[in-house]
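Just so you know, residue 1 is the first one in the sequence shown, and it goes up from there.
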Amino acid sequence: MKALDISRSLDKLIESQIPVFVWGSPGIGKSSIIKQIAVDKGLEFVDLRLSLLDPTDLKGIPFFDQENNEAVWASPNFLPKNPDSKGILFLDEINTAPPSVQASAYQLVLDRKVGDYELPNGWSIVAAGNHESDRGVVYRMPPPLANRFVHLSMEVSFEDWKGWAYGVGIDSSIIAFLHYDSEKLFDFDPSKNEKSFPTPRSWEYVDKVLNSGVEPTLLMEIISGAVGGESATAFMSFRKVMNRLPDIDKLLNNEEVEVEHDSQVLFALIAGVITNIKQNSSKEKIESALKFSLTLPKEFSVMLVKDMQQNGINVEASSVWEDWVEEFAYLLV
């Protein structure tokens, strides 16, 4: 399932308090999606990395209650206690946890309790983990625990990632490069045993590196450490195209600029136009962008307008819209 489909499914399953397990390769944004749902719904969010816990960390420590002359369990303070609270208990990396820890998690998922602790009624349980084929340190989940979840498998979608990247302001050169070569968004081969490789998470690190003020002479080595040497070399070569772009402010001010009709330049230019409009949108800018699109090769014209629509830019209200539809409607099928 694509990230957007995962998000829509989780939204309803969490409301119904159906335990869900999200499977996916490392770095594709499983935990980010779940945390964002909690933010959007105004829910508390507790992230438990089970691989870092011992069985007693989850079950609690027994102590003697002298008043009642019995042994009781002191539940951990990181589990939600308020009976009126609502939230998501996220069990991350559950299948990398040792079997003894998974056994404690099994009781929590199955019965919503462990030891003397009981999960408040307003809380939902969501778990996530990597596929066994990803060759990470994983333990096979016992069938009773696996059977307690609804299992969703997440795949990487460039279109979903692109919408997110524009929304959070990822550097336009990254968006443009991955638009040009979308296979570089996620390229993980478990058999290669590489330390760094391109994933949505590692490209987010690249964005932070570019905005960190690091010396340009160090960029290649640092970015290689995030996405691997091959992807870093291709990206840094692509970034040189940015120097060949026209002044986007002038373009969107309806001033005459010279544009190379080279595919790399046009991919970069489209990303720059979208980023510029999202940062400071106006009716005049949108009209200028539509007029400019009429001068592009047809596939790039459609790409620009579709990206504008996907980012909530109201192209339909422009006086140029009817002219654009008349010219390119047959390509939108």
Side-chain angles (χ1 to χ4, degrees), residues 156-159 161-166 169-187 198 200 202-203 206-207 209-211 216-217 219-220 223-224 226-280 285-311 313 315 318 320 323-325 327-333:
V156 177
S157 162
F158 172 72
E159 290 300 320
W161 179 87
K162 181 177 65 174
W164 169 84
Y166 275 127
I170 293 295
D171 190 280
S172 62
S173 66
I174 298 175
I175 300 173
F177 170 67
L178 295 176
H179 210 160
Y180 177 72
D181 187 359
S182 59
E183 291 185 359
K184 290 289 194 296
L185 174 60
F186 179 77
D187 186 12
S202 59
W203 283 114
V206 172
D207 174 70
V209 169
L210 294 177
N211 288 287
T217 55
L219 279 177
M220 181 63 193
I223 292 174
S224 294
V227 297
E230 181 182 342
S231 295
T233 300
F235 171 65
M236 292 301 288
S237 297
F238 185 90
R239 268 179 66 86
K240 294 178 181 178
V241 172
M242 308 301 285
N243 297 325
R244 294 156 54 191
L245 296 184
D247 188 315
I248 294 177
D249 284 324
K250 288 184 177 180
L251 187 153
L252 294 177
N253 196 33
N254 228 12
E255 298 180 35
E256 187 174 342
V257 295
E258 187 175 340
V259 178
E260 292 183 48
H261 280 203
D262 173 86
S263 61
Q264 289 190 339
V265 171
L266 293 178
F267 274 111
L269 184 54
I270 287 173
V273 167
I274 299 295
T275 300
N276 187 296
I277 294 176
K278 283 184 67 67
Q279 289 174 346
N280 182 18
K285 277 189 175 184
I286 296 172
E287 290 197 354
S288 295
L290 282 175
K291 288 178 182 177
F292 167 66
S293 74
L294 292 171
T295 70
L296 294 174
K298 292 180 173 58
E299 64 273 23
F300 286 98
S301 178
V302 173
M303 184 187 300
L304 173 57
V305 172
K306 280 190 172 181
D307 279 6
M308 291 172 71
Q309 290 174 319
Q310 290 172 359
N311 281 277
I313 299 171
V315 294
S318 169
V320 187
D323 295 335
W324 192 92
V325 170
E327 181 73 19
F328 294 114
Y330 71 98
L331 291 174
L332 301 176
V333 179

Asker: Of all the heavy-atom pairs spanning L252 and S288, show the shortest one and how long it is.
Answerer: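 Closest pair (atom of L252, atom of S288, distance): O-OG, 3.2 Å.
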Asker: Evaluate ring pair (Phe, Tyr, Trp, His ring centres under 6.0 Å) for F177 paired with F267, printing each intermediate quantity in order.
Answerer: CA-CA 7 Å; F177 170 67; F267 274 111; over 10 Å; no
Asker: Between Q264 and D262, does any side-chain donor sit less than 3.5 Å from a side-chain acceptor?
Answerer: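 No, D262 and Q264 have no side-chain donor paired with an acceptor closer than 3.5 Å.
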Asker: Work out which heavy atom in V206 is nearest to a heavy atom in V227; give both atom names and the distance.
Answerer: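 Distance-wise, the nearest heavy atoms are CG2-CG1, 3.7 Å.
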Asker: For the pair S172 (side chain) and G272 (backbone), establish whether a donor and an acceptor sit closer than 3.5 Å, ignoring hydrogens and angles.
Answerer: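 Judged by distance alone, no pair lies under 3.5 Å.
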Asker: Roughly how far, to the nearest 0.5 Å, is CD1 of I270 from NZ of K306?
Answerer: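 K306 atom NZ to I270 atom CD1 measures 12.0 Å (nearest 0.5 Å).
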Asker: Give the minimum heavy-atom separation between L269 and F292, together with the two atoms involved.
Answerer: CD2-CZ, 3.4 Å
Asker: Quick one: NZ on K162 to CG on N311, what's the gap to the nearest 0.5 Å?
Answerer: 8.0 Å
Asker: Tell me whether the rings of F235 and W203 are parallel (<30°), tilted (30 to 60°) or perpendicular (>60°).
Answerer: perpendicular
Asker: For L185 and F158, which heavy atoms make the closest approach, and how far apart are they?
Answerer: CD2-CA, 3.8 Å
Asker: Taking D207 for the side chain and D171 for the main chain, is one N or O donor matched with an acceptor at less than 3.5 Å?
Answerer: yes
Asker: Check the pair M220, T233 against side-chain contact (heavy atoms from CB on, under 4.5 Å), reporting the backbone distance first and the verdict last.
Answerer: CA-CA 7 Å; M220 181 63 193; T233 300; 3.0 Å; yes
Asker: Give the C-alpha distance, both sets of side-chain angles, the deciding distance and a yes or no for side-chain contact (heavy atoms from CB on, under 4.5 Å) between L210 and R239.
Answerer: CA-CA 11 Å; L210 294 177; R239 268 179 66 86; 3.7 Å; yes
Asker: Please round to the nearest 0.5 Å and tell me the distance separating atom CG of L294 and atom CD of E327.
Answerer: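 The distance works out to 6.5 Å.
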Asker: Shortest non-hydrogen contact from L304 to A289?
Answerer: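 Heavy atoms of L304 and A289 come nearest at CD2-O, 3.9 Å.
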Asker: Can you list the steps and then say if V302 with E299 is a side-chain contact (heavy atoms from CB on, under 4.5 Å)?
Answerer: CA-CA 5 Å; V302 173; E299 64 273 23; 6.0 Å; no
Asker: Can we call the ring centroids of W161 and F186 under 6.0 Å apart?
Answerer: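 Aromatic pair excluded; centres sit 6.0 Å or further apart.
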Asker: Report the distance from atom CD of E255 to atom CG of D247, rounding to the nearest 0.5 Å.
Answerer: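 Here the rounded value is 7.5 Å.
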Asker: Using modelled atom types only, decide if a donor and an acceptor are shared between the side chain of K285 and the backbone of N280 within a distance under 3.5 Å.
Answerer: yes
Asker: Closest approach of A176 and A268, non-hydrogen atoms and distance?
Answerer: CB-CA, 3.4 Å
Asker: In this structure, are over 12 heavy atoms from other groups packed under 6.0 Å from E230 atom CD?
Answerer: no
Asker: Kindly compute the distance separating NZ (K184) from NE2 (H179), expressed to the nearest 0.5 Å.
Answerer: 15.5 Å
